Amino acid sequence: MLGRFFRRKDNQDSTEVPLDLTNIPSHIAIIMDGNGRWAKKRGLPRIAGHREGTKVIKKIVKKANELGVSILTLYAFSTENWKRPKDEVDFLLKLPESFLNTYLPELIEENVQVRIMGEKSNLPAHTVRAVDTAIEQTQHNDGLILNFALNYGSRYELSKAIQQIASDVKTGSLSIEDINEDLVSAHLFRPELKDPDLLIRTSGEIRLSNFMLWQLAYTELWFTDTFWPDFSEDELVQAVKDYQLRGRRFGGVQSG
Ligand code: FPP
């Protein structure tokens, strides 16, 4: 099955419409889910699914870049993923390093800028080193921003923001009346990145799993039953085409 579609009011089917290169979502966020089930279906250990899923990232980055997407945020490790067996956690936290060891030269060549969104302080030193090196080596690029959500949880991110804002109020550098939506956004992990236009979640789960809850307020959501290791460039295009059929009103009314 290509995608999980909810019946559109206008009955339009995005598989039948051409891609509009003038209306590409500038920020796409992806919850890469289903690695474990992909592996189980093949009688393989869960880590085989994570390994296969890592290869898919490179293909999707390349395609997103070709389409003209500005920011691609990938949910790679959540603050809740620490609850998994230690072997799996260790494996997951080695993936950024192995991914970057293999692909950093190509990412540099493709003008990609690497970023990270999450709590670095309790990540293993080797993970932080690999990501920091990639950030540094791609800092002068100005193409696609590849933003890895690593040790990321939206409630954690918001709690940190509230702590900082409360502390500024306490010290008198901020007054309560100055607290507004822009100020909260400015205290999140990656304030420089605009909110996602399109969220994709693979594997058939229809939930947000503590991912960018503030930033997704007006994001278009797209779900597919495909497990992440089987996600393809064609399916990315499919999601973008479906996005292009949506009328985004941001709480207002449709113009025209
Ligand atoms: C969810 O699938 C996936 C993850 C928790 C990890 C996602 C990570 C990658 C795809 C690779 C990360 C690579 C880099 C370079 C950062 P699951 O294990 O929960 O699948 P399941 O729901 O089928 O068990």
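These numbers were taken from a predicted model, which means no experiment stands behind them. One-based numbering along the sequence shown. In what follows, every heavy atom counts, from backbone to side chain, and hydrogens, waters and symmetry copies are set aside. Counting starts at 1 for both ligands and their atoms, in listed order.
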Inset, instruction - Just jot down the ring pair (Phe, Tyr, Trp, His ring centres under 6.0 Å) partners of Phe77, sequence neighbours excluded, or say none. - result: Trp82

Legend entry - Check: Gln164/His187 side-chain N/O donor and acceptor closer than 3.5 Å: no

Legend entry - Side chain Asn141, main chain Val112, donor-acceptor under 3.5 Å: yes

Inset, instruction - For the residue pair Phe99 and Phe148, categorise the inter-ring angle as parallel (less than 30°), tilted (30 to 60°) or perpendicular (more than 60°). - result: perpendicular

Legend entry - Check: Ser98/Asn101 side-chain N/O donor and acceptor closer than 3.5 Å: no

Inset, instruction - Return the protein residues near ligand 1 (heavy atom under 4.0 Å from any of its atoms), ordered by chain and residue number. - result: Met32, Asp33, Gly34, Asn35, Gly36, Arg37, Arg46, His50, Thr54, Ile57, Ala76, Asn81, Arg84, Leu92, Leu95, Pro96, Phe99, Phe148, Trp228

Inset, instruction - Using distance alone, with no hydrogens and no angle criterion, decide if Gln238 and Asp234 have a side-chain donor and acceptor under 3.5 Å apart. - result: no

